[in-house]
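Each chain gets a letter, A, B and so on, in the order its sequence line appears, and its residues count up from 1.
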There are 2 protein chains.
Amino acid sequence: MARKRFDDSNCSVARALNEVGDWWSLLIVLQAMYGTRRYVDFQQQLGIAKNILCDRLSRLVENDVLAKVDVGEHGSRYEYRLTDKGRDLFPVVIALRQWGDKWNPAPDQAALDLRDRASGRPISPMQVQDADGKPLALRDVFLPDLDEEQAG
Amino acid sequence: MARKRFDDSNCSVARALNEVGDWWSLLIVLQAMYGTRRYVDFQQQLGIAKNILCDRLSRLVENDVLAKVDVGEHGSRYEYRLTDKGRDLFPVVIALRQWGDKWNPAPDQAALDLRDRASGRPISPMQVQDADGKPLALRDVFLPDLDEEQAG
DNA sequence: TCAATAGGGTTGCATTATGAAACCGAATTG
DNA sequence: CAATTCGGTTTCATAATGCAACCCTATTGA
């Protein structure tokens with residue numbers, strides 16, 4: 001049967017995964033963050049099958065993560081550019097990258113060294129924070145509504 | 001043909017997606033963060049097929065995201081608990097949740113109101129930061145090595 | 001004691017999704 | 001005017017998914 005979709009799930013994580021939760025979409029977004037814009041470049045850099053790339057690009061455009069722009073230049077006719085919505089996946093991608101670097105480091109390769117362009121210093125590890133910037137662990141957060149219900 | 005795997009990719013995002021990048025794994029981790037531990041509860045709360053749940057739980061255990069614990073209690077014999085590696089997905093899940101809340105809000109429902117247990121205040125939006133906590137946008141970061149190569 | 005139920009899985013089967021390669025049409029290049 | 005390039009679509013074999021049915025072990029419960 002068809003893969004289960006989560007378009008109308010009441011969980012925003014499920015709805016997010018519905019748009020970028022497959023094997024390729026987030027990698028395409030990542031590649032776009034590196035500056036890739038053209039179909040052939042995505043295809044070569046990711047090693048993705050062309051029909052799958054077409055499908056994913058279409059869905060990302062449909063979901064307003066990428067915008068398909070007609071550029072009339074010699075041969076390269078379209079560009080896929082990140083929208084604001086797509087750029088807003090930056091924290092997601094960085095969090096995922098840091099998790100991968102920490103728990104599945106490449107055996108013979110240093111992790112990518114992302115740095116602040118202004119200061120030249122490495123970016124800091126992503127963390128969930130309270131309003132003052134104090135780091136919060138999983139056990140430090142709660143859902144007021146749910147916990148009230150459970151208490152009542 | 002077989003789905004492409006990224007076990008040995010030089011990209012840590014690809015390696016991360018290889019472990020939790022399918023349609024269900026991250027939702028299982030999310031559910032585990034809510035406190036779910038038992039097979040039947042995952043099954044009912046997620047509405048996932050039993051064989052798929054088995055497969056995903058096994059893979060998450062294999063990848064040390066969950067730990068399978070034998071609890072001899074009446075009927076409920078096993079628990080799947082988050083490991084440190086699994087708990088470390090907290091920023092990823094929160095980033096994804098906030099992205100979903102912002103760009104695909106539920107039509108007739110408020111976003112989940114996660115709060116700091118100590119202060120009672122809402123958690124702040126996830127952001128990529130420099131060493132001082134200054135927020136960084138996509139355009140503010142760069143890869144020193146790559147940029148040197150390109151300059152050279 | 002013996003049937004009913006719950007937990008945690010497997011198995012079979014139909015439906016989809018994926019990957020590789022071949023093919024296509026328009027525009028450029030040589 | 002033949003060969004490329006870009007951006008796709010088509011075909012086909014293989015893998016993944018979802019559902020329902022089944023299984024085995026404990027535990028109830030009467």
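- In this model, the phosphate group of dG19(C) is approached by a side-chain N or O of W24(A) to a distance below 4.0 Å at OP1 or OP2.
- In this structure a side-chain-to-backbone donor-acceptor pair under 3.5 Å is present from R15(B) to N104(A).
- When the nearest nucleotides of DNA chain D are assigned to K50(B) and K50(A) by heavy-atom distance, the more 5′-ward of the two goes with K50(A).
- Not a single donor-acceptor contact under 3.5 angstrom links the side-chain atoms of R77(B) to the base of dG8(C).
- Residues V65(A) and W103(B) have side chains not in contact (no heavy-atom distance under 4.5 Å, counting atoms from C-beta outward).
- When all heavy atoms are compared, the tightest approach of L143(A) to Y34(B) is CD1-CE2, 4.3 Å.
- Whole-Å rounding puts the Q44(A) CD to dT4(D) C1' distance at 13 Å.
- In this structure, the CG atom of L57(A) is 16 Å from the C1' atom of dT18(C), given to the nearest Å.
- The nucleotide whose nearest atom lies closest to any side-chain atom of K68(B) is, among dT9(D), dG12(C), dG9(C), dG9(C).
- In this structure, L53(B) places its CG atom 11 Å from P of dT10(C), rounding to the nearest Å.
- Where G47(B) and Y80(A) each meet DNA chain D at their nearest nucleotide, the meeting point lying more 5' is that of Y80(A).
- L46(A) places its CG atom 13 Å from the P atom of dA20(C), with the value rounded to the nearest Å.
- In the set dG8(C), dA27(C), dG19(C), the nucleotide with an atom closest to the side chain of Y39(B) is dG8(C).
- Look at Y78(A) and you won't find any side-chain N or O under 4.0 angstrom from OP1 or OP2 of dA26(C).
- Among the protein residues, F42(A) comes within range of no part of the nucleic acid, since none of its heavy atoms lies under 4.0 Å from any strand.
- Summarising the geometry, the separation between CG on D41(A) and P on dG8(D) is reported as 13 Å, rounded to the nearest angstrom.
- Nearest nucleotide to the side chain of A49(B), out of dT10(C), dA21(C), dG18(D): dG18(D).
- For R56(A), whose side chain is taken as the heavy atoms from C-beta onward, the closest listed nucleotide among dG8(D), dA17(C), dT11(D) is dA17(C).
- A donor-acceptor pair under 3.5 Å is absent between the side-chain atoms of R121(B) and the main chain of D116(B), judged by distance alone.
- Counting to the nearest Å, the P atom of dA17(C) and the CH2 atom of W23(A) are 16 Å from each other.
- Out of dG8(C), dT18(C), dT17(D), the shortest distance to the side chain of R38(B) is found at dG8(C).
- Straight-line distance from the CG atom of N51(B) to the P atom of dT16(C): 17 Å, rounded to whole Å.
- Distance CZ (R37(A)) to P (dG7(D)): 13 Å, rounded to an integer number of Å.
- Side chain to side chain, D101(B) and S12(A) meet the donor-acceptor criterion of an N or O pair below 3.5 Å.
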